[in-house]
J.: 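The structure is given below, and queries will be raised subsequently.
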There are 2 protein chains.
Amino acid sequence: MLDRMFDPNAVAVIGASRNKGKVGRAVLENLMAASDDIDIIPINPKDEEILGLRAYPSILDVPREKNVELAVIVIPAKLVPGAIEQCALAGVKNVVVISAGFKEAGIEGAHLERECVALCEKYGIDMVGPNCLGIIDTASGLNASFAANMALRGNIAMMSQSGAICTVTLDWAEKTSVGFSKFVSLGNKADLDENDFLGFFNRDKDTSVIAAYLEGIKNGPDFIKVARQVTRSKPVIVVKSGRTSVGSRAVSSHTGTLAGADAAYDAAFRQSGVLRADSLAEMLDKSRAFSAYPLPAGRNIAIVTNAGGLGILAADACSNAGLTITSLEESTIAKLREALPPAAGLYNPVDVLGDASADMYAYALRTVLADRNVNGVIVLVSPQAMTAVGEIAEKIVDTVKSSDKPVLCNLAGGTRVQEGEDILHRNGIPNYPFPERAVTSMYALCEYYSIRNRSYVPPDEMKVDRIHAAEAIREAREKKTRTLGLESMGILSSYGIHVVDSRIAKTLPEAVRISEEIGYPVVMKIVSPDISHKTDVGGIRLNLQHADDVERAYNTMMSDVRHYMHNAQIAGVQIQKMLSGGKEVIIGMNRDPQFGPLLMFGLGGTYVEFLKDVSFAVAPISIEDAKHMITSIKTYPLIAGVRGEQPSDIASIIDTLMKVSQLSMDFPEIMEFEINPLMVMPEGKGCVAMDVRFTIDTK
Amino acid sequence: MLDRMFDPNAVAVIGASRNKGKVGRAVLENLMAASDDIDIIPINPKDEEILGLRAYPSILDVPREKNVELAVIVIPAKLVPGAIEQCALAGVKNVVVISAGFKEAGIEGAHLERECVALCEKYGIDMVGPNCLGIIDTASGLNASFAANMALRGNIAMMSQSGAICTVTLDWAEKTSVGFSKFVSLGNKADLDENDFLGFFNRDKDTSVIAAYLEGIKNGPDFIKVARQVTRSKPVIVVKSGRTSVGSRAVSSHTGTLAGADAAYDAAFRQSGVLRADSLAEMLDKSRAFSAYPLPAGRNIAIVTNAGGLGILAADACSNAGLTITSLEESTIAKLREALPPAAGLYNPVDVLGDASADMYAYALRTVLADRNVNGVIVLVSPQAMTAVGEIAEKIVDTVKSSDKPVLCNLAGGTRVQEGEDILHRNGIPNYPFPERAVTSMYALCEYYSIRNRSYVPPDEMKVDRIHAAEAIREAREKKTRTLGLESMGILSSYGIHVVDSRIAKTLPEAVRISEEIGYPVVMKIVSPDISHKTDVGGIRLNLQHADDVERAYNTMMSDVRHYMHNAQIAGVQIQKMLSGGKEVIIGMNRDPQFGPLLMFGLGGTYVEFLKDVSFAVAPISIEDAKHMITSIKTYPLIAGVRGEQPSDIASIIDTLMKVSQLSMDFPEIMEFEINPLMVMPEGKGCVAMDVRFTIDTK
C-alpha cells in the first residue's frame with residue numbers, strides 16, 4: 001500500500017492555501033512543480049479554486065473516480081483526527097500529517113496523536129508523521145512536502161526523524177548533486193516508522209542504498225529482524241544521534257555500568273548488518289559511495305596519485321581503517337614502468353607525478369584496476385600547473401563506468417578542481433574533498449561486502465529444564481527478593497550450565513564440615529544480600545588448605561565485613577571447591593529499554609572495569625554472534641592461548657552464551673544477571689560458573 | 001635574516017624565463033602580480049629584458065645598490081651550487097631553491113644537495129628547499145613561488161613538506177576565503193627546516209596561528225625545545241603523515257613493539273604542546289578556528305540552534321570530545337524565557353525553533369554568551385522556510401566581533417546557506433559545513449587553552465653514581481655483550497633505583513645456599529642470554545618456601561628450559577627475595593631514530609601486550625611529563641588505589657622515571673632497557689626493580 005502513497009493517482013492537500021508563507025501553499029506548489037501526471041486536489045472550505053486548481057470544501061466532496069490515494073494534512077492539530085476520519089470515509093488509505101502540535105507539544109498533543117493512531121488502525125490507514133516535513137518520490141514525481149528544495153533523482157532512499165536534518169540534507173544535496181529515490185520525514189513516527197520504511201525501501205526498485213537519521217528506534221527487536229533481512233540485499237547506513245544521553249537503564253551491575261546508553265544500539269546495528277555512521281557527513285559520504293560503485297571483493301586497495309603527500313595521507317587513512325595497501329603484481333609494475341616517467345612511483349601508492357596528463361592517469365588507473373590483487377582504487381588529483389583536472393575527471397568517469405571495482409576520487413583543492421568535480425557529479429560520481437573521506441567511504445564498501453557475505457543461522461531451541469528455573473524465579477518474586485546470589489546457581493544448572501560445588505554454612509563448625517566434604521582447597525565467600533562487591537569488604541578468602549585455614553578465614557572475614565559494613569545482614573559463608581588452571585571470564589545481561597536483553601562478555605578481574613574491554617550483543621544471539629562477542633575483546637588472545645599456554649575451552653563459552661541468551665528470552669522477569677566469574681578450563685574441559693547474581697523484577 | 005627573505009628590497013629570479021609553461025616564467029609572473037614595491041630582477045644569460053623587466057646575465061652583474069636580498073633559483077639542479085656561490089659573491093644572503101633533482105632523485109642529487117648545504121654554511125646563506133614550490137608573504141606582497149593561486153591575506157602561517165599539499169591548500173583556501181600571513185613550501189629541508197620556521201613564525205607579528213604538514217622532523221630534540229617555547233604564545237597545528245609506515249627502530253622489547261612507528265611523534269607533540277591533526281581537513285578547520293577566535297577559558301559549551309536534530313548531533317560530538325554541555329544560569333534561562341516562544345528549548349542546547357528570526361538568534365546568542373557558566377558557543381543554523389540565513393550570519397559576525405568568547409558556526413546545508421557562508425567568510429569567520437567539525441575545532445581551542453596555561457619546569461640534574469654505571473657499560477661493550485640481564489641491576493642501583501636482593505647460582509647447592517641467605521620465600525629465574533621471555537619456557541618459579549621447593553624448582557626448570565630451547569646457553573639461575581603486597585609496573589626505553597630516548601610506562605603482566613595500555617614520553621622528561629605518563633594509562637586507578645585498596649607509592653614511580661630519563665640521556669650506548677617488573681609498594685614504601693634487561697650498542 002505504501003507503493004500507492006509514493007505514486008498516487010491523485011493527492012489531496014487538506015489545508016491547501018493560496019496565502020504565501022502558509023505551509024498549505026508550499027505543499028501545493030511543491031506538488032505542482034514536481035509532477036504533471038499526478039492529479040492534485042486542494043481541500044479548503046473557503047475556496048473553490050487555489051493556484052488554478054479546482055478546490056473542494058472537504059475530502060468527502062471529491063468525486064470517487066478521482067481515486068485519491070494520498071492525503072497530505074496541513075491543518076491545526078486538533079482538526080487532524082476529524083480529517084483522518086473523513087479520509088477513511090472517502091476511501092483514502094494513505095495520509096501524511098505535516099501538522100505539528102502532537103506528542104512533541106505536551107500531554108494534550110500526545111492525546112490527539114493517540115487518537116489519530118487509533119483511527120488509522122480502525123480504518124486500515126497508513127500514516128506518516130505527524131509533525132513532519134512530508135515525503136518525496138523522485139521516480140513518480142511526488143513532492144508532498146514543504147521542503148524548499150526538491151530532491152534530485154537518484155538511488156538513495158533517505159529517512160529522517162528530524163525535519164531540519166531533511167532540510168539540511170536536501171539543501172546540501174542540491175549543491176553537491178546528490179540524488180535520492182525516496183525522501184521521508186518520519187516526524188513523530190506515530191504509525192509508520194523506520195521498520196516500515198526499511199521494508200518498503202528494500203522492495204523499491206529505484207532504491208539501491210538506504211540512509212537514515214534516527215534519534216531512537218520504536219521497536220528494537222523488530223528492527224533487528226527487518227534490518228537483518230534488508231542488509232542482505234541493500235546497504236543501510238544510519239546516524240543514530242543521542243549517543244551520549246543517559247539512558248533509563250538500571251546500572252547496579254558491571255554490565256549496566258559498562259554498557260552505557262549506546263552499547264545496545266551498537267550491538268543491534270552490528271548484528272543486523274547496519275553500518276553506523278558517526279556523523280551526518282559520514283552518512284552522506286558513505287551513501288554516495290554505495291550509490292555509485294560496485295562492492296570491492298576484498299580489502300586490498302591501490303592508490304593512484306599525482307602528489308606524494310596526498311598518497312601518504314590516503315595510505316595512512318587506509319591503514320588506520322584496516323584496509324591493506326596491497327602489493328601490485330609483477331606484471332602490473334612492468335606495465336606501469338613501460339609508460340610512466342622514470343621518476344614515477346611504480347609501487348603502491350602509484351605516483352604518476354605532478355605533470356601527469358589525463359591519458360597517463362587513465363593508463364595507470366586501467367593498469368592498476370586490472371591487477372588481480374586490487375579490490376578497489378583511490379584516485380587522488382592535486383591541481384598542479386600542468387594538471388588538466390577536467391580531462392582527468394572525464395577519464396575517471398569512463399573508467400568507473402566500465403569497471404567492476406570501485407574507484408573513489410579525491411580531486412583535492414577548491415577553485416581549480418571545480419570543473420572536474422562538476423564533471424564527476426554530473427555523472428553521479430562523488431568527489432570527496434579530502435583523501436581521508438574517500439578512504440572512509442571505501443572502508444564502508446569493504447565492510448558491507450563482508451556483511452553481505454556472512455552467514456546467519458538463527459539459534460536452535462536448546463533443551464533446558466525451564467520448569468525448575470521458573471519455580472526459582474516465582475519463589476523470589478513471591479518473597480519480594482529482588483537480588484539472588486549464589487543460592488540461585490540452580491537456575492543456571494537447570495539451563496545446563498555447570499556450576500561449582502558450593503554450599504552455604506551458617507556457622508564455623510558447619511563451614512569446616514562442608515569444606516571437608518567438598519575437599520580442599522576451598523574458597524570462602526561472604527553471603528549477604530547487602531554486599532555486592534565482596535572483595536571490597538574482605539568477603540573472599542582463597543586457597544584454604546585445611547581446617548585451620550577455614551577457621552582463621554572465617555573469623556577474620558566476619559571481623560573485616562563487620563568493619564566495612566557494620567549493618568550488613570549476613571546469611572553465612574559460601575564454601576566452594578577452589579578450581580585452578582582456568583581463566584576467569586564474566587557474562588552478564590542487562591535489559592535495554594529499546595532492544596531487550598543485552599548480553600555482555602569480558603575477561604574477569606579488576607581490569608574489566610578500567611579497560612572496558614567487553615563486548616555486547618542483543619539476545620537472542622546466533623552462534624556467530626556468540627563467537628563475535630568472544631573474539632572481539634582485545635584480551636581474546638589470553639583466552640585463545642598465547643605463548644605456549646593452553647587455549648581455553650571456547651566452545652563451552654559459546655555454549656554458555658547461547659544458554660543465557662535463551663534464559664534471557666524465556667524469563668522477562670530477570671532484569672539483570674551476572675555470572676562472575678565463569679571459570680573457563682582448558683580446551684575440552686568445559687567451564688564452570690563460580691558465582692552469579694540475578695536481579696528479579698518483583699513488581 | 002629570514003625577515004629579509006620574506007620582505008626583500010629586491011628579489012632576483014635565477015632562471016627567469018619568458019617562455020610560457022616554464023617555472024621560471026611562472027615565478028616571475030607571480031612576483032610581479034603580487035607586489036609593486038619589490039624590485040624584481042630576472043637573471044638569464046640570453047635575454048636583456050623579460051616581461052618588461054631589465055634582465056641580467058648573472059647575479060654578479062646586478063648593481064650592488066639594487067640590494068638584492070633574496071634569490072629564487074629555478075635552473076637545472078647541477079647548476080645550482082654554482083648559482084649559490086655567485087649569490088654569496090653578490091652578497092645575497094637568502095635563496096629559495098625551487099629546482100628539483102636533488103636528494104629525492106637519487107645518489108647524484110643527494111651529492112649536489114650536500115654541496116649546496118656546504119656552500120650555504122660557508123657563506124652564511126639561508127636556503128629554502130631545494131625541490132619546493134617557493135615562499136609567499138601576503139603582508140610584504142611577496143609571491144616567490146610557482147603556485148597557481150596567490151594566498152589571501154590572513155594570520156595563519158603555513159609550512160608544508162609537500163609541494164602538492166601547498167597547491168591543494170592554496171586552491172582550497174581561495175575557495176573558502178582562508179587567508180595566510182606566510183606560506184612556505186619546505187621541499188627537501190636541506191638547510192632551513194620546520195624548527196627554523198617555527199621560530200620565525202613565532203616572531204612574526206602578522207602570524208597568530210602556525211599550521212604545518214610534515215612527513216618527518218629533521219631534528220627531534222630541537223623540535224621539542226623550539227615548539228615548547230612557541231606554543232607558549234601561538235598555537236601550532238601539525239599533520240604528521242606516514243603514521244603507519246614501519247620505522248627503523250629495533251623491536252626486541254615490549255617498549256619497541258608497543259611503541260610502533262608513531263608513538264614518539266605523539267609523545268613529542270604532546271610534550272611540546274603541538275596540536276596534532278589527524279587529517280588535512282582537521283588541520284585547516286582548527287587553524288581557522290584559532291585565526292578567528294579568542295580562547296575559551298574552559299570546556300563548558302553552549303549550543304544555540306534552530307533545529308533539534310543538529311543540536312543533538314553537536315551535543316553528541318561535544319560529549320565524545322570531552323566538552324561539557326554546561327548548565328545555564330537561572331538568570332540566563334529566565335532571560336531566554338522572556339523573549340523566546342513557549343515551545344523553544346530554554347536549556348542547553350537552546351532551541352530557538354525553526355522559524356526564528358535573525359533578531360531572535362542574536363538575542364539568544366547574546367544571552368547565552370553573557371552566562372558565566374559558558375566558555376564558548378556553537379551556533380547551528382538550518383535553512384528552514386522562514387530562516388533569513390544572511391541576516392543571521394550578519395548578527396553572528398557582530399556577536400563574534402564583540403565577544404571575548406568563541407562562537408563557532410555551522411550554517412548547515414548547501415545552496416540556501418551560501419549567502420550566509422559568504423558573509424561569514426568575508427569577515428574572516430569560518431563556516432563549518434557540519435556540526436561535528438565545529439565541535440572538533442572548539443575542542444582544539446579548549447585544548448590549547450589548557451596547554452598554554454600548563455607549567456613547564458625543566459628536570460633537575462639528579463645525584464647519581466655515573467662512574468659505576470659507565471664502568472658496567474664499558475665492560476659490556478668490551479666483551480661485546482649486547483644484552484645484559486639481571487646481572488646489570490647494578491646500573492640501576494648506581495642511579496639510585498632500589499633493586500631486589502638477588503644473586504646468581506650456577507648449581508643447585510649454590511641455589512639452596514643463596515636462598516637460605518636471602519630468606520624464604522624466594523623466586524627462581526633462569527639466567528640465559530638466549531631467553532628473553534622467561535615465562536614462555538618455564539623459566540620462572542615463584543613462592544619457594546624451603547630448600548625442598550628450591551630443589552624441585554631447579555630440576556624441573558632445567559628440564560623445561562631444555563625442552564623448549566635445547567640450544568639455549570644457560571648461565572645459572574637467579575634467586576631473589578619474593579616480595580608481596582606491591583603492584584607490578586613496567587618501565588622501558590627504546591631509542592627513536594628521530595627523537596632519541598622514548599620512555600614507556602605501563603602496568604605489568606600479560607595484559608600490557610594485548611591492551612596496549614601504556615604511555616610514552618621523550619627523555620629528558622619533566623616531573624609533569626612523568627606524572628602524565630602515570631596518570632594517562634587507563635589502569636591508573638589500580639595504581640592510585642581503588643575500592644579501599646591502598647594507593648601505591650606514585651612518588652617513587654615518578655622518581656624512578658626521572659632517574660631512567662637521566663640514565664637514557666647520560667648513556668647513548670644504551671639502546672633499550674626494560675625494568676619488568678618494577679614492584680611498586682604501598683604509598684611511602686617505595687618501589688623495587690625486580691628484573692631488568694639492557695641492550696647495549698656494542699658496535
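Below, chain A is the first sequence line, B the second, and so on; all start at residue 1.
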J.: Can you tell me how far the CG atom of Asn306(B) sits from the OG1 atom of Thr167(A), to the nearest 0.5 Å?
T.: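 Going from CG on Asn306(B) over to OG1 on Thr167(A), the span is 9.0 Å.
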
J.: Against chain A, work out which of Thr176(B), Thr169(B), Asn149(B), Leu170(B) has the most heavy-atom pairs shorter than 4.5 Å and name it.
T.: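 Among the listed options, the one with the most contacts to chain A is Asn149(B).
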
J.: Against chain B, label Gln418(A) side chain, backbone, both or neither, depending on which of its atoms sit under 4.5 Å from a heavy atom there.
T.: side chain

J.: Would the number of heavy atoms belonging to other residues, nucleotides or ligands and lying under 6.0 Å from NZ of Lys175(B) be above 12?
T.: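 Atom NZ in Lys175(B) is packed in, count exceeds 12.
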
J.: With side chains defined as the heavy atoms from C-beta onward, is the minimum distance between Leu313(A) and Val239(B) less than 4.5 Å?
T.: yes

J.: Given that the side chain runs from C-beta out, which part of Val23(B) has a heavy atom under 4.5 Å from chain A: side chain, backbone, both or neither?
T.: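 No part of it gets close to chain A.
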
J.: Which heavy-atom pair separates Glu174(B) from Thr415(A) by the least distance, and what is that distance?
T.: OE2-OG1, 3.3 Å

J.: Can you tell me which of Ala148(A), Pro637(A), Gly308(A) forms the most heavy-atom pairs within a distance under 4.5 Å of chain B?
T.: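 Of the candidates given, the most pairs with chain B belong to Pro637(A).
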
J.: Which bit of Tyr636(A) comes within less than 4.5 Å of chain B, counting heavy atoms only: side chain, backbone, both or neither?
T.: neither

J.: For Ile165(A), which atoms come within 4.5 Å of any heavy atom of chain B: side chain, backbone, both, or neither?
T.: side chain

J.: What part of Leu284(B) is in contact with chain A, defined as an atom under 4.5 angstrom from a non-hydrogen atom: side chain, backbone, both or neither?
T.: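 For Leu284(B), the contact with chain A is made by the side chain alone.
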
J.: Rounded to the nearest 0.5 Å, what separates atom OG in Ser382(A) from atom CG in Asp171(B)?
T.: 10.0 Å

J.: When you look at CD of Glu108(A), are more than 12 heavy atoms from neighbouring residues, nucleotides or ligands closer to it than 6.0 Å?
T.: no

J.: Which region of Ala281(B), side chain (C-beta onward) or backbone (N, CA, C, O), has a non-hydrogen atom less than 4.5 Å from a non-hydrogen atom of chain A, or is it both or neither?
T.: both

J.: Quick one: closest heavy-atom pair of Gln384(A) and Ala164(B), and the distance?
T.: NE2-CB, 3.1 Å

J.: Among Gln161(A), Arg416(A), Glu104(A), Glu436(A), single out the residue with the greatest number of heavy-atom pairs under 4.5 Å to chain B.
T.: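 Of the candidates given, the most pairs with chain B belong to Arg416(A).
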
J.: To the nearest 0.5 angstrom, please state how far the CZ atom of Phe434(B) sits from the CD atom of Glu282(A).
T.: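 Answer for the CZ-CD pair, Phe434(B) versus Glu282(A), is 11.0 Å.
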
J.: Quick one: pull up CG in Asp262(A) and CG in Asp316(B) and give me the separation to the nearest 0.5 Å.
T.: 8.0 Å

J.: Pick one of side chain, backbone, both or neither for Glu215(A), based on which atoms fall under 4.5 Å of a heavy atom in chain B.
T.: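 The side chain, not the backbone.
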
J.: Please look at Ala412(A) and chain B and tell me whether the side chain, the backbone, both or neither of the residue comes under 4.5 angstrom of a heavy atom of that chain.
T.: both

